[in-house]
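The structure appears right after this line, and notes come after that.
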Amino acid sequence: MSEITNLIAEGRAKRLYATENEDEAVVYYRDETVAFHGLKRGRIIGKGEINNLICEYMFTLLTEKGVPNHFIRRVDNRCSLVKRVEIIPFTVTVRNIAAGSLARRIGLPDGTRLRNPVIEFNLKNEELEDSLLNVTHITALNLATTAEVRQIEMMSRRVNEILSECMSGIGIELIDFKVEFGRYKGEILLADEVSPDTCRFWDANTHEPLDLDRFRHDLGDVEEAYREVLHRLTGNVLRSNEEEA
Ligand SMILES: Nc1ncnc2c1ncn2[C@@H]1O[C@H](COP(=O)(O)OP(=O)(O)O)[C@@H](O)[C@H]1O
Ligand SMILES: [Mg+2]
C-alpha cells in the first residue's frame, strides 16, 4: 500500500489521511462518539475496530450487488483504504420506519412503519444543525445537479433494498440509515460509512436498538450492541478491546 502522508480531515467518527496516491485515502475509525449535532460527546471503547469490520462487510456486499462505492480494502484493525472522492456536501437519509428526528418532526410514534421509504437530504453543517434540504435547495445552492440528485436517490434506494434484505436475514430490522456520496473520476460513488453510528438497527424480535441510539439515550450496553451487529453479520467475535491510539 502507498504510504500515508498527511491528515486531510478529522471528523467526529473518523480521520482521513492522504496517501502517496492522490486518488486514494486511508480512513481511520475512531472510538469518539457524537450525537445531537455535537451536543453529546463520548467514547465507545473498541468502536473504531468494530465499525472498520462492519464497513468492510457492508461495502463488500454493496460492491457484489453492483453499487459503486469508495471501499478498496481493509488495511488493519482500524484503517481501510478508500477512493478519495470529492464529498457532495449533503447527507442522504433513507427511512423505512419513523424514529428520531422524523418521528418528532411529523408527530408519529417511534416505530411507525412508513407506507414507502422516505428520503431526506441534509446539509453537512453541524452549526446549522444539518438543515433539511429539498432538491430545489440543492440546485439553488449548487451542491449538485438535478441529474446527480436523481442518481444519488436511485443509488440510495438500492442500498436500502440490499441492506434491508441483509439485515432481515440476521434478525435485524433496518429502520433508517444515513449515507454520503462523492464525485470520483466523473462517477458518483457511495462513500463515508455504513455502521451502527449511521444506521438504526432494531432487533427484529425485541425491537431493542443495536446502534448509536443506545448512546444517545443512555440505554447501556452500547459496545455490546455494536459487537452483536458485527457478530451476526460476520460471525466475528472480536476479542481485542484495544483503545484508540
Ligand atoms: N472516500 C472519501 N473521500 C473523501 N472524504 C471522505 C470519504 N469518505 C468519507 N469522507 C469524509 O471524511 C470526513 C470524516 O468522516 P466523519 O468523521 O464521519 O465526519 P463527520 O464529523 O462529518 O461525521 C467527513 O467529512 C466525510 O465526508
Ligand atoms: Mg460521519
Side-chain angles (χ1 to χ4, degrees), residues 1-2 4-44 47-56 58-60 62-63 67-75 78-94 100-101 120-131 133 138 143-144 148 152 155-156 159 176-200 211-213 215-216 226 244-245:
M1 186 191 93
S2 52
I4 281 178
T5 52
N6 53 305
L7 183 68
I8 309 169
E10 168 134 34
R12 296 165 289 188
K14 303 184 290 296
R15 292 191 195 110
L16 206 73
Y17 295 93
T19 71
E20 282 169 356
N21 180 343
E22 62 181 28
D23 291 334
E24 296 177 355
V26 168
V27 184
Y28 173 96
Y29 289 87
R30 311 178 64 192
D31 288 350
E32 209 61 36
T33 308
V34 175
F36 305 120
H37 313 290
L39 291 180
K40 180 165 178 170
R41 287 168 190 276
R43 212 166 214 233
I44 303 171
K47 172 172 79 82
E49 279 187 70
I50 299 170
N51 279 358
N52 191 27
L53 289 163
I54 292 177
C55 286
E56 175 186 31
M58 296 297 199
F59 283 121
T60 304
L62 291 165
T63 301
V67 178
N69 66 74
H70 73 163
F71 185 77
I72 301 174
R73 67 187 142 82
R74 189 166 63 82
V75 174
R78 280 178 183 269
C79 293
S80 285
L81 186 67
V82 298
K83 293 173 182 164
R84 182 176 177 179
V85 304
E86 177 205 337
I87 287 285
I88 298 174
F90 58 84
T91 61
V92 183
T93 300
V94 181
S101 64
E120 293 172 356
F121 306 107
N122 289 83
L123 193 63
K124 268 176 66 70
N125 185 327
E126 202 172 66
E127 280 168 27
L128 298 177
E129 295 185 355
D130 304 317
S131 325
L133 304 174
I138 291 173
L143 306 181
E148 284 176 325
I152 285 170
M155 288 170 75
S156 303
V159 172
D176 58 40
F177 64 92
K178 178 182 77 186
V179 282
E180 294 182 19
F181 291 86
R183 301 184 184 96
Y184 182 82
K185 298 179 189 286
E187 213 190 343
I188 290 193
L189 301 183
L190 175 71
D192 206 46
E193 65 179 279
V194 179
S195 77
D197 274 5
T198 58
C199 301
R200 280 197 175 86
D211 56 54
L212 189 67
D213 272 346
F215 169 81
R216 284 193 188 97
Y226 280 60
E244 71 176 273

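Order of appearance sets the numbers: ligands from 1, and atoms from 1 within every ligand.
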Inset, instruction - Could you tell me whether the side chain of Arg78 and the main chain of Tyr29 form a donor-acceptor pair under 3.5 Å? - result: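 Pair found, side chain donor or acceptor close to backbone of Tyr29.
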Legend entry - Under 3.5 Å: donor-acceptor pair, side chain of Lys47, backbone of Thr33: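 Answer holds: no.
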Report the nearest protein non-hydrogen atom to [atom]: residue, atom name, distance rounded to 0.1 Å.
atom: atom 3 (N) of ligand 1; result: Val85 N, 3.0 Å
atom: atom 22 (O) of ligand 1; result: Lys124 NZ, 3.2 Å
atom: atom 16 (P) of ligand 1; result: Lys14 NZ, 3.5 Å
atom: atom 7 (C) of ligand 1; result: Ile87 CD1, 3.9 Å
atom: atom 27 (O) of ligand 1; result: Glu180 OE1, 2.6 Å

Legend entry - Leu16 N/O to ligand 1 N/O under 3.5 Å: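 No, since none of the N or O atoms of Leu16 sits under 3.5 Å from an N or O of ligand 1.
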Legend entry - Within-cut-off N or O pair, Arg84 and ligand 1, under 3.5 Å: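 Checking ligand 1 against Arg84, no N or O pair falls under 3.5 Å apart.
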Is it the side chain, the backbone, both or neither of [X] that has a heavy atom closer than 4.0 Å to ligand 1?
X: Val82; answer: side chain
X: Asp192; answer: both
X: Lys83; answer: backbone

Legend entry - Lys83: which of Ile72, Asn21, Asp23, Asn69 passes side chain to side chain contact (heavy atoms under 4.5 Å, CB included):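 Among the candidates, only Ile72 passes.
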Heavy atom to [atom], shortest distance: which of [options] holds it?
atom: atom 14 (C) of ligand 1; options: Ser80, Gly38, Gly11; answer: Gly11
atom: atom 13 (C) of ligand 1; options: Ala9, Pro89, Ser195; answer: Ala9
atom: atom 23 (O) of ligand 1; options: Glu10, Arg12, Glu32; answer: Arg12

Legend entry - Asp211 and Tyr226 side chains, donor-acceptor separation under 3.5 Å: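 Not at all, the side chains of Tyr226 and Asp211 share no donor-acceptor pair under 3.5 Å.
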Legend entry - Plane angle bin for Phe71 and Phe59 - parallel if under 30°, tilted between 30 and 60°, otherwise perpendicular: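 Phe59 vs Phe71 ring planes: parallel.
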Legend entry - ligand 1 contact by Ala13, heavy-atom criterion under 4.0 angstrom: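 So Ala13 counts as touching ligand 1.
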Legend entry - Those atoms of ligand 1 less than 4.0 Å from some heavy atom in His70: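 Result: 1 (N), 2 (C), 8 (N).
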Legend entry - Cationic tip of Lys40 above Phe215 ring, under 6.0 Å, 45° of axis: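 Yes.
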